[in-house]
Amino acid sequence: MVELDNNRIPQHIAIIMDGNGRWAKAQGKPRTAGHIQGVETVRVITEECVNLGVKYLTLYTFSNENWNRPEEEVRALMGLLLKNLEDEIFMKNNVRFRIIGDRYRLPQDVQKKISEMEQRTSKNDSMTLVLALSYSARWEIADACRQIYVDMQAPCNSGKSEWDIDEHFVSRYMQTAFMPDPDLLIRTGGEQRISNFLLWQIAYTELYFCDTFWPDFGVNELRTAIADYQNRERRFGKTSEQVQPQS
């Protein structure tokens, strides 16, 4: 088991869960088998993040681009989502559930279940598990711009001669406004790209790529990624002399 500095656990981990389909192909199984096994990995990683003291875990679950996948696969993914939103992992581990993304593109029964789980777990405070569903970063940024425009045109704001639109102002219109930006972004499956995920939020996020397919990504792989993060110096544009040591 990889040893970690418990005083330097990232507050927010984001994961691009890649490799379900390739894992299934390597096993001689249909792609849906990879997604089913991937759900088991979500349970394992969620519980380990709770144990480690991570406060936010954001999982890239279904992108806007994924709507272009074969209809049968999309139906299977939505069915898996519905089934596993019943999972006791939220209440058992005191985990709050949230989603980011264009929820109104999701099937009505999925929307209903999401709202129920968000309400049911709203008081849980060990960790917040965020699923990025029907999500893309470019869509999110465009949506924030639309919302800013709408607010600027609102009658209550008609008397304002100017708006102080800086990065903090824009961040308040992002889907992720309720949580801090990720400290660590992990991508499994061997690819080294961001794939339209949290582009605004990862400006200073540490990136970690590994070859392990998501269904095989276990506790030790997670701890290895966190250990790699702990060995880095986060400067945020400062020199090494300006950076305060982490306690």
Side-chain angles (χ1 to χ4, degrees), residues 1-2 13-52 54 57-90 92-93 95 97 99-102 105-107 109-110 113-114 117 129-137 184-198 207-229:
M1 185 72 70
V2 175
I13 297 176
I15 304 179
I16 301 174
M17 305 179 294
D18 196 17
N20 287 349
R22 284 173 289 156
W23 179 90
K25 183 177 180 181
Q27 304 282 327
K29 299 177 180 178
R31 288 178 61 86
T32 51
H35 297 313
I36 292 169
Q37 188 60 40
V39 170
E40 295 302 315
T41 301
V42 168
R43 291 193 182 99
V44 170
I45 296 305
T46 297
E47 291 187 351
E48 181 64 8
C49 283
V50 171
N51 292 336
L52 289 171
V54 174
L57 174 62
T58 301
L59 304 177
Y60 202 7
T61 307
F62 190 87
S63 72
N64 276 336
E65 291 75 21
N66 287 156
W67 288 113
N68 296 318
R69 290 188 175 187
E71 184 178 347
E72 181 179 351
E73 183 176 356
V74 171
R75 279 202 309 269
L77 285 167
M78 292 298 130
L80 264 178
L81 181 60
L82 267 178
K83 177 182 177 182
N84 288 284
L85 283 177
E86 299 281 2
D87 201 306
E88 292 183 0
I89 190 171
F90 301 107
K92 183 176 72 172
N93 294 284
V95 169
F97 172 72
I99 79 157
I100 56 175
D102 186 1
R105 286 191 70 182
L106 297 167
D109 52 350
V110 175
K113 181 57 68 175
I114 284 170
M117 287 303 299
L129 174 62
V130 183
L131 299 187
L133 282 170
S134 190
Y135 172 90
S136 76
L184 172 63
L185 171 65
I186 299 168
R187 180 170 187 148
T188 64
E191 304 292 351
Q192 297 189 19
R193 56 178 178 267
I194 303 304
S195 296
N196 208 358
F197 184 46
L198 300 178
L207 308 181
Y208 179 86
F209 301 99
C210 69
D211 292 332
T212 306
F213 294 146
W214 177 247
D216 289 330
F217 189 84
V219 167
N220 215 43
E221 285 79 12
L222 173 67
R223 295 175 74 97
T224 297
I226 294 174
D228 184 82
Y229 163 86

Participant: Verify side chain to side chain contact (heavy atoms under 4.5 Å, CB included) between Leu222 and Cys49, making sure each step is shown before the conclusion.
Facilitator: CA-CA 9 Å; Leu222 173 67; Cys49 283; 3.9 Å; yes

Participant: Looking at side-chain heavy atoms only, is the closest gap between Asn84 and Val42 below 4.5 Å?
Facilitator: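 They are not in side-chain contact.
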
Participant: Can you sort out the partners of Glu73 under salt bridge (Lys or Arg N to Asp or Glu O under 4.0 Å), two or more places apart, ordered by chain and number?
Facilitator: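 Glu73 satisfies salt bridge (Lys or Arg N to Asp or Glu O under 4.0 Å) with Arg31, Arg69 once adjacent residues are dropped.
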
Participant: Between Arg22 and Gly189, is there a donor-acceptor pair closer than 3.5 Å when you use the side chain of the first and the backbone of the second?
Facilitator: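 Confirmed, Arg22 side chain pairs with Gly189 backbone.
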
Participant: Within the side chain of Asp228, is there an N or O that forms a donor-acceptor pair under 3.5 Å with the backbone of Ala225?
Facilitator: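 Not at all, since once roles are kept as given, no pair shorter than 3.5 Å links the two residues.
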
Participant: To the nearest 0.5 Å, what is the distance between CD1 (Ile89) and CG (Leu129)?
Facilitator: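 Answer for the CD1-CG pair, Ile89 versus Leu129, is 7.5 Å.
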
Participant: What distance do Arg105 atom CZ and Trp67 atom CH2 have between them, rounded to the nearest 0.5 Å?
Facilitator: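 If I round to the nearest 0.5 Å, the distance is 6.0 Å.
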
Participant: Do you know which two heavy atoms are closest between Ile45 and Gly218, and how far apart they sit?
Facilitator: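 Closest approach of Ile45 to Gly218, heavy atoms only: CD1-O, 3.7 Å.
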
Participant: Quick one: are Tyr60 and Leu198 in side-chain contact, heavy atoms under 4.5 Å?
Facilitator: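 Answer no - side chains too far apart.
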
Participant: Look only at the side chain of Ser134 and the backbone of Asn64, and say whether a donor-acceptor pair between them is shorter than 3.5 Å.
Facilitator: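 Looks like no, no N/O pair under 3.5 Å.
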
Participant: Does this structure show an ion pair linking Glu191 with Arg187, if we count only N-O contacts that are shorter than 4.0 Å?
Facilitator: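 Looking at Arg187 together with Glu191, the answer is no, because their closest N to O distance does not fall below 4.0 Å.
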
Participant: State, with a plain yes or no, whether a side-chain heavy atom of Leu52 is found less than 4.5 Å away from one of Ile226.
Facilitator: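 Of all side-chain heavy-atom pairs linking Ile226 with Leu52, at least one is under 4.5 Å.
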
Participant: Going by heavy atoms in the side chains, are Thr188 and Phe213 under 4.5 Å from each other?
Facilitator: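 Counting from C-beta outward, Thr188 and Phe213 never come under 4.5 Å.
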
Participant: Indicate yes or no for a side-chain donor-acceptor contact from Thr41 to the backbone of Pro215 under 3.5 Å, with no hydrogens or angles considered.
Facilitator: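 Yes; judged by distance alone, with no hydrogens or angles, the pair exists.
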
Participant: So, do Leu80 and Ile36 sit near enough that their side-chain heavy atoms are less than 4.5 Å apart?
Facilitator: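 In short, these two side chains touch, coming nearer than 4.5 Å.
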
Participant: Quick check: do Val219 and Val44 have side-chain heavy atoms less than 4.5 Å from each other?
Facilitator: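 Of all side-chain heavy-atom pairs linking Val44 with Val219, at least one is under 4.5 Å.
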
Participant: Heavy atoms only: give me the nearest Ala227-Val2 pair and the separation to one decimal.
Facilitator: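 Scanning both residues completely, I find the closest heavy atoms to be CB-CG1, 3.8 Å.
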
Participant: Could you give all pairs that pass the salt bridge (charged side-chain N to carboxylate O under 4.0 Å, His left out) test and reach residues 212-223, with sequence neighbours left out?
Facilitator: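 Only Glu48-Arg223 qualify under salt bridge (charged side-chain N to carboxylate O under 4.0 Å, His left out).
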
Participant: I would like to know whether Asn20 and Gln37 meet side chain to side chain contact (heavy atoms under 4.5 Å, CB included); could you show each step before the answer?
Facilitator: CA-CA 8 Å; Asn20 287 349; Gln37 188 60 40; over 6 Å; no

Participant: Is there a donor-acceptor contact under 3.5 Å linking the side chains of Glu65 and Asn196?
Facilitator: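 Present: a donor and an acceptor within the cut-off.
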
Participant: For Thr32 and Ala76, which heavy atoms make the closest approach, and how far apart are they?
Facilitator: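 Taking Thr32 first and Ala76 second, the nearest heavy atoms are CG2-CB, 3.6 Å.
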
Participant: Please answer whether the main-chain N or O of Gly38 pairs with a side-chain N or O of Trp214 as donor and acceptor at a distance below 3.5 Å.
Facilitator: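 Answer holds: yes.
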
Participant: Hey, can you tell me if Phe197 and Tyr135 have their rings parallel, tilted or perpendicular (30° and 60° cut-offs)?
Facilitator: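 Judged by the thresholds at 30° and 60°, the geometry between Phe197 and Tyr135 is perpendicular.
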
Participant: Would you say the side chain of Ile13 lies within less than 4.5 Å of the side chain of Ile15, judging by non-hydrogen atoms?
Facilitator: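 Yes; the side chains approach each other to less than 4.5 Å.
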
Participant: Using the rule given for side chain to side chain contact (heavy atoms under 4.5 Å, CB included), can you reason through Ile194 versus Leu185, listing the C-alpha separation, both sets of side-chain angles and the distance that settles it, and then say yes or no?
Facilitator: CA-CA 9 Å; Ile194 303 304; Leu185 171 65; 3.8 Å; yes

Participant: Is it true that, when you exclude Glu72 itself, more than 12 heavy atoms of the residues, nucleotides or ligands shown sit nearer than 6.0 Å to its CD?
Facilitator: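 Open.
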
Participant: About how many Å separate CE of Met78 and CG of Leu82, when rounded to the nearest 0.5 Å?
Facilitator: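 Between atom CG of Leu82 and atom CE of Met78 there are 9.0 Å.
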
Participant: Supply the atom-to-atom distance Asp109 CG to Leu81 CG, rounded to the nearest 0.5 angstrom.
Facilitator: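 Answer for the CG-CG pair, Asp109 versus Leu81, is 9.5 Å.
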
Participant: Pair Ile186, Phe209 - check side chain to side chain contact (heavy atoms under 4.5 Å, CB included), show working.
Facilitator: CA-CA 6 Å; Ile186 299 168; Phe209 301 99; over 6 Å; no

Participant: In the structure I gave you, are the side-chain heavy atoms of Asn93 and Thr46 within less than 4.5 Å of one another anywhere?
Facilitator: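 Answer no - side chains too far apart.
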
Participant: Shortest non-hydrogen contact from Trp23 to Gly34?
Facilitator: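 In this case the closest contact between Trp23 and Gly34 is CE3-CA, 3.7 Å.
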
Participant: Would you find a donor on one side and an acceptor on the other, under 3.5 Å apart, between the side chain of Thr61 and the backbone of Leu59?
Facilitator: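 Present.
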
Participant: Nearest 0.5 Å please: distance from the NZ atom of Lys92 over to the CZ atom of Arg43.
Facilitator: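 Spacing of NZ (Lys92) from CZ (Arg43) equals 9.0 Å.
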
